[in-house]
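The figures here come from the full heavy-atom set of this structure, side chains too, leaving out hydrogens, waters and symmetry mates. Chain naming here is simple, since letters A, B, ... match the order of the sequence lines and numbering starts at 1 in each.
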Amino acid sequence: MIIIAVPLIPILAALVALLNPRLDITRMMTVLGGIATLVLTLILADQVSQHLRITVLPHWIGVDGLSALILVLQGFVVLTATVYSWGYMKRVTALHPRRQQQFYVNFNLFLASLFMVPIFLQPALTWVAVELTTVLSVFLVGFDNTPQALEAAWKYAVITIMGATVAVLGIFLLLWGLLALHVSIQTWSALTTAASEMPVDQLKIAFVLIFIGFGTKVGIVPMHTWLPDAHSQAPTPVCALLSGIEVGTILYVIMRLWPVFEQIPGGFAQDWALIFGLISVGTAAFLMIQVRDFKRLFAFSTVEQMGIILVGLGLGPAGHYAMLYQFLTHAVTKSLVFYSAGAVFLATSTLDIASVKGLIRISPVAAGSLLLSGLAIAGAPPFAVFLSELAVFRASLLSGHIIVLVLLLVFLALAFFGILRHLNQMIFGQPSHPRITLPRSVTLTLVIGWIPVLVLGLYLPASVHHLLTLTTLTLRR
Amino acid sequence: MDQPLVSNHILANVNSVVGASFLLSAVVLMTQRQAQAVLQWFIRQSILLSVSAFILGWLHHSAELMIVGLITVVAKAILIPQLLVRTLGPEIRSRRELDFIVNTPVSLLIAIALTVLSYFWVAPLLNGAKETILVNLPVGLDVLFIGVYTLTVRREAVPQMLALMSIDNGAFYAGIAISASSAIVELAAGLEGVMVVLVVAILARTLARHVGSTEVSELTHLKEGLREGESS
């Protein structure tokens with residue numbers, strides 16, 4: 001029953017936000033909901049480590065290694081986002097405090113939709129959950145009601161819904177394959193078992209439609225155009241959720257179908273993942289050099305990171321562990337980067353890189369966290385992403401993909417340079433704004449957010465290693 | 001030949017005619033220059049989708065497909081158009097010409113190319129397939145492609161939104177022929193309808209209120225290498 005409770009908790013918090021006029025209670029319920037969901041997801045992950053899978057409703061709802069990993073990461077990012085929202089939203093909506101109620105209703109419903117994606121055992125239901133994440137987050141992206149925010153929300157809705165509709169035809173093709181084989185159960189595992197009996201052309205067409213369809217919402221280049229807009233215009237806690245975990249949650253759907261598509265002969269799916277992964281990393285690295293808005297800088301970094309994860313997926317079984325490791329470190333680091341960027345926005349009220357100077361004197365906490373988390377996401381030691389990227393490099397070397405390794409190294413060096421160049425401009429020099437103190441909840445979130453980034457930068461705890469290993473089993477046939 | 005088989009054969013032929021009309025509706029929808037006409041063609045297209053769902057439901061004795069047909073006709077031929085007219089009435093009724101990025105003859109050529117492409121792409125799956133699949137799968141994929149193209153070349157919110165739902169029609173037109181027996185089809189159809197109304201209609205209204213028009217090509221604030229106030 002824990003599985004069902006996880007999405008139910010944010011729904012309850014949304015109800016509280018809707019019915020209760022007192023904002024303090026709403027905020028408290030949202031944070032308590034965040035704590036409860038993290039605890040429940042950790043319990044679930046522990047149970048999965050022991051029993052491999054847990055099923056609540058056979059063929060409908062259940063959790064295995066891969067979904068447990070996604071749930072735990074969601075739980076962590078959700079908790080930090082709820083704590084962060086407390087002080088952040090209070091300050092940015094100071095002129096219209098009642099708007100916070102609308103924010104918390106939408107926010108909690110969006111969280112519920114996120115938690116639904118990994119718990120369904122049927123592709124069609126998962127697709128519906130993915131659609132819900134779009135519907136419920138689009139109002140959060142346009143929350144500021146500025147022309148820019150509405151433009152971002154419009155692009156986000158239109159392009160990602162289009163992608164999802166393309167993907168649904170791919171799902172229909174897979175279900176057709178099951179029906180043709182007289183398999184009435186339409187679950188992920190039924191698809192994996194039946195894939196070897198399905199016509200290769202059918203699998204190929206389904207793969208292309210699903211890869212492009214869901215890939216649009218993951219932000220794979222060239223379908224990424226909406227991502228930097230949406231992920232930079234939304235309020236910061238939402239940006240952290242979108243970039244930190246939402247795109248990953250959608251990538252989960254592609255991962256879930258990977259054992260099906262890996263059965264297409266000739267490494268068809270792997271080649272697509274490698275090519276689009278590298279294109280995404282390369283394009284994002286170049287665009288990161290010329291951005292002028294620091295939240296867009298980190299949104300492009302999400303495109304880059306999704307590219308690395310796709311490359312890991314394309315390396316075959318040798319890359320699966322490294323890919324999941326990268327997935328984990330990206331989720332914790334990217335959310336932290338956005339929390340730091342949001343702190344800078346609170347201190348300066350601008351997103352323009354050139355307008356921020358001497359941040360270290362305006363807010364030492366925001367400046368320190370931004371610089372170090374920027375370095376962390378760029379892949380510098382001793383932070384988490386460094387070790388996971390090293391694992392991806394190692395996997396490409398071991399699987400004999402030398403060209404992939406070289407290209408990755410070049411693109412990542414470019415991205416590193418891009419991030420550092422912009423941050424350097426912002427952190428040092430004469431201060432452009434007066435000194436401020438950050439809300440306590442923002443500082444607290446930064447402290448919580450730094451813990452996994454530092455710990456995973458030093459070593460990989462045995463329990464995490466065990467969960468990752470278990471997850472790689474899910475990706476195999 | 002006994003009576004039911006003859007009527008089934010006739011129904012399958014009717015489905016082929018519906019398929020041709022469905023494809024035609026996507027092409028006409030692509031070329032219309034007034035918002036009201038685009039909306040009317042979208043309604044016709046949705047009705048054709050539901051007719052096909054009813055025919056296939058009858059042929060395969062599938063109550064699920066009948067429900068899909070019902071949901072489609074209620075949501076897309078009645079509810080969504082009503083909602084759009086109510087929220088964006090003047091925008092839809094205005095007689096001004098809509099903007100295109102690509103002119104009509106070129107768009108028609110592209111539509112032909114997409115039709116050929118979609119047929120050849122799914123041709124390997126059609127060997128030995130049922131007559132209804134032979135029609136619905138390539139036509140559905142083609143309408144999906146034409147819808148994506150239409151969405152890309154339209155420059156205003158209302159026609160973009162209708163193109164988006166036309167893509168949806170294409171996907172479900174193929175879907176009803178190939179994954180008929182499951183309850184999933186109506187789940188997805190229903191949810192998709194509600195979602196599109198929710199998101200797009202409300203958003204477009206807000207957009208109109210804040211930006212002054214639903215001309216989305218004017219939305220160019222978010223670009224690399226440009227500062228606010230600069231134009232491309």
**Q** Could you go through residues 200-214 of chain A and list every donor-acceptor pair under 3.5 Å that involves a side-chain atom there, pairing it with any protein atom two or more places apart or in another chain?
**A**
residue, atom, partner, partner atom, Å
Gln202(A), NE2, Leu173(A), O, 2.8

**Q** Can you confirm whether more than 12 heavy atoms, excluding those of Trp58(B), are under 6.0 Å from its CH2 atom?
**A**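 Result for CH2/Trp58(B): open.
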**Q** Given a strict heavy-atom distance threshold of 4.5 Å, which part of Leu141(B) is in contact with chain A: side chain, backbone, both, or neither?
**A**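 For Leu141(B), the contact with chain A is made by backbone and side chain together.
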**Q** Could you state the interatomic distance from CG (Leu169(A)) to CD1 (Ile178(B)), rounded to the nearest 0.5 Å?
**A**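 With rounding to 0.5 Å, CG (Leu169(A)) is 6.0 Å from CD1 (Ile178(B)).
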**Q** More than 12 heavy atoms of other residues, nucleotides or ligands under 6.0 Å from CZ of Phe268(A): yes or no?
**A**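 Correct, the count exceeds 12.
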**Q** Run Ile176(B) and Phe172(A) through side-chain contact (heavy atoms from CB on, under 4.5 Å) and show every step you take.
**A** CA-CA 9 Å; Ile176(B) 52 173; Phe172(A) 283 144; over 6 Å; no
**Q** To the nearest 0.5 Å, what is the distance between CE (Met165(B)) and CE (Met162(A))?
**A**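 Those atoms lie 15.0 Å apart.
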**Q** Where does Leu151(B) contact chain A at under 4.5 Å (heavy atoms): side chain, backbone, both or neither?
**A**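 For Leu151(B), the contact with chain A is made by the side chain alone.
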**Q** Check whether Leu144(B) gets within reach of chain A through its side chain, its backbone, both or neither, counting any heavy atom under 4.5 Å.
**A**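 When you check distances to chain A, only side chain atoms of Leu144(B) fall under 4.5 Å.
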**Q** A side-chain contact here means heavy atoms from C-beta on lying under 4.5 Å apart; do Phe172(B) and Thr165(A) qualify?
**A**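 Of all side-chain heavy-atom pairs linking Thr165(A) with Phe172(B), none is under 4.5 Å.
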